[in-house]
Peer 1: 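Before I ask anything, here is the structure I am working with.
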Protein chains: 2
Amino acid sequence: MPGRAPNKRRLGVDERRAELLELGLELFAAASYETLSIDAIARAAGISKGLLYHYFPSKRDYYTATVRLAADRLLNATLEATESDELPPLELLQRGLSAYLDFVERHGQTYATLLRTGIGTDPEILTVIEGTRDAFVDRLAERLGLGHEGQGPLLRLALRGWVGFVEVTSLSWLSENTISREVLAELMSETLVATLSAASLKSPQVTDLLTPDSSIE
Amino acid sequence: MPGRAPNKRRLGVDERRAELLELGLELFAAASYETLSIDAIARAAGISKGLLYHYFPSKRDYYTATVRLAADRLLNATLEATESDELPPLELLQRGLSAYLDFVERHGQTYATLLRTGIGTDPEILTVIEGTRDAFVDRLAERLGLGHEGQGPLLRLALRGWVGFVEVTSLSWLSENTISREVLAELMSETLVATLSAASLKSPQVTDLLTPDSSIE
DNA sequence: GCAACTATTGAACATCAGTCAATAAGCCTC
DNA sequence: GAGGCTTATTGACTGATGTTCAATAGTTGC
């Protein structure tokens with residue numbers, strides 16, 4: 001067993017699975033799905049191909065599990081930052097964006113694995129991506145106090161579009177760091193405020209939320 | 001030759017290639033890349049596997065070519081609608097959005113094939129997608145008169161993010177038609193105006209562009 | 001030490017992408 | 001119409017890759 005650590009002859013189920021998922025994040029970020037063979041993965045993990053199949057029913061399931069892990073991590077990172085009930089909505093938004101961009105900065109490969117477009121259309125991957133967007137939309141609606149009134153298809157779509165805005169700008173920022181993080185965060189938050197305004201929500205929470213901010217100079 | 005039309009024994013190179021690309025758009029929209037085998041494609045086309053390889057060096061090249069076709073079609077559809085030099089920027093924007101949403105409505109599968117997330121990360125697909133976004137950003141900058149001054153990284157990023165906004169909202173709208181097309185178009189255009197404002201561009205062109213619109217009621 | 005459970009293995013198998021020598025279709029010239 | 005040339009087309013074959021599974025080995029409890 002060339003790649004196997006001598007003290008890791010046999011691991012517990014949870015430990016091995018977690019180890020494989022971490023490795024999956026790295027490997028799938030560094031090579032295209034097609035060119036990364038099961039042989040190469042098993043070698044990198046220091047295990048047999050058969051063992052990989054003991055843990056994941058197929059290559060695609062292995063990949064899906066890693067994408068799901070990336071999504072959970074992103075969601076959790078931003079959840080922790082926005083759990084306070086004592087702060088005004090805009091402050092919560094700033095915190096959430098800060099945590100989001102922290103994640104982008106520190107876990108760039110994970111983020112890219114989650115959101116970079118690959119070959120073809122796969123229903124399960126789509127489910128993970130769309131589920132992540134849904135979770136962000138729900139959370140935004142709740143944290144910004146839009147959870148109880150004035151909520152409807154247009155609001156959800158506006159929030160969803162904004163999540164897309166954040167994704168695309170974050171990916172661009174990740175690969176070309178041409179503006180500062182603060183400027184990016186402010187662009188994101190002002191765009192959110194604006195798109196909600198465009199969606200014309202007149203409830204008190206949104207009115208408060210839409211208090212003018214100074215523009216980026 | 002079970003699937004072969006009797007009058008199609010031998011086609012010209014261009015004709016056959018075009019036929020295969022059209023078929024590719026359908027097939028790749030309907031099934032995941034992995035589950036769609038070369039055998040199935042050849043059968044659907046009424047040709048041999050070898051012939052498929054005569055036209056495309058690999059399965060992946062075949063797929064990439066279909067995605068590129070989808071992108072070109074989208075770009076061309078919106079280009080034609082926005083070629084007039086006599087209209088004000090906001091009118092051009094409305095025309096462009098109208099053409100874009102026409103495309104989404106009429107060629108939903110093509111659009112989804114272009115933008116739906118699939119398995120893994122593939123550099124060539126990424127190049128097509130990002131190239132399409134770049135083309136839209138360039139075109140927007142030019143048509144909105146932002147091509148000569150006040151242009152910079154922040155502007156490009158804002159425009160780029162907005163393209164992401166349009167993509168995500170269009171995909172959602174495609175699968176859940178919960179708001180009218182007019183409302184969607186207005187949300188898109190107001191969000192563009194707002195994000196440009198947030199990017200704080202003060203040139204005369206942008207000031208004109210930022211003339212207040214009435215909100216969506 | 002033995003039995004039971006299960007993580008682990010690697011050879012075998014199945015499937016699929018890709019190859020290539022041979023054939024057939026279509027066009028042009030005589 | 002026949003023959004020659006070009007090249008679209010074929011289908012059997014090959015090799016790589018994903019998947020399977022009987023056998024083995026590690027660990028725990030008695």
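Proteins come first, then strands; the chains are lettered A, B, ... in the order of their sequence lines, and each starts at number 1.
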Peer 1: Could I get the full list of side chain to side chain contact (heavy atoms under 4.5 Å, CB included) partners for A:Glu124, not counting sequence neighbours?
Peer 2: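 Expected list: A:Arg60, A:Asp61, A:Thr64, A:Arg68, A:Asp122.
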Peer 1: Please confirm whether the shortest side-chain N or O distance from B:His54 to OP1 or OP2 of D:dT9 is below 4.0 Å.
Peer 2: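 Answer is no, no contact under 4.0 Å.
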Peer 1: I'd like to check the side chain to side chain contact (heavy atoms under 4.5 Å, CB included) partners of A:Ser180; sequence neighbours left out, ordered by chain and number.
Peer 2: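 Side chain to side chain contact (heavy atoms under 4.5 Å, CB included) check on A:Ser180 returns A:Glu182, A:Val183.
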Peer 1: Using a 4.5 Å cut-off on heavy atoms from C-beta on, say whether the side chain of B:Arg106 contacts that of B:Asp102.
Peer 2: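 Yes, close enough: below the 4.5 Å cut-off.
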Peer 1: How does protein reach along nucleotides 16-21 of chain C, written 5' to 3' as B (base within reach of a heavy atom under 4.0 Å), S (only sugar-phosphate), or - (no contact)?
Peer 2: -BBBB-
Peer 1: Give one of base, sugar-phosphate or nothing for B:Tyr55, where a contact means two heavy atoms less than 4.0 Å apart.
Peer 2: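 Sugar-phosphate: the residue B:Tyr55, judged by heavy atoms under 4.0 Å, touches backbone atoms but no base.
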Peer 1: Checking A:Tyr62 now: which residues fulfil ring pair (Phe, Tyr, Trp, His ring centres under 6.0 Å) with it, not counting sequence neighbours?
Peer 2: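 For A:Tyr62, the residues satisfying ring pair (Phe, Tyr, Trp, His ring centres under 6.0 Å) (neighbours in sequence not counted) are A:Phe28, A:Phe56.
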Peer 1: Just the rounded figure in Å: distance from C1' of C:dG26 to CD of B:Glu15.
Peer 2: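 Rounding to the nearest Å, CD of B:Glu15 and C1' of C:dG26 are 14 Å apart.
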Peer 1: Among residues at least two apart in sequence or on other chains, which ones pass side chain to side chain donor-acceptor pair (under 3.5 Å) with A:Arg139?
Peer 2: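 For A:Arg139, the residues satisfying side chain to side chain donor-acceptor pair (under 3.5 Å) (neighbours in sequence not counted) are A:Thr78.
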Peer 1: Can you measure A:Ile47 atom CD1 to C:dT6 atom P for me and round it to whole angstrom units?
Peer 2: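 It is 19 Å, rounded to the nearest whole Å.
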Peer 1: Using a cut-off of 4.0 Å between protein heavy atoms and nucleotide atoms, how would you tag nucleotides 22-30 of chain D 5' to 3' with B, S and -?
Peer 2: ---BBS---
Peer 1: In whole angstroms, how far is the P atom of C:dA7 from the CZ atom of A:Phe56?
Peer 2: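 In whole Å, C:dA7 P lies 13 Å from A:Phe56 CZ.
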Peer 1: List for me each residue that meets side chain to side chain contact (heavy atoms under 4.5 Å, CB included) alongside B:Asn177, sequence neighbours excluded, and say none if there are none.
Peer 2: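 Partners of B:Asn177 under the side chain to side chain contact (heavy atoms under 4.5 Å, CB included) test: B:Trp173.
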Peer 1: Can you list the residues that meet the side chain to side chain contact (heavy atoms under 4.5 Å, CB included) rule with B:Ser98, with sequence neighbours excluded?
Peer 2: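 Once residues adjacent in sequence are excluded, the partners of B:Ser98 under the side chain to side chain contact (heavy atoms under 4.5 Å, CB included) criterion are B:Arg181.
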Peer 1: According to ring pair (Phe, Tyr, Trp, His ring centres under 6.0 Å), who are the partners of A:Phe103, at least two apart in sequence or on a separate chain?
Peer 2: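 For A:Phe103, the residues satisfying ring pair (Phe, Tyr, Trp, His ring centres under 6.0 Å) (neighbours in sequence not counted) are A:His107.
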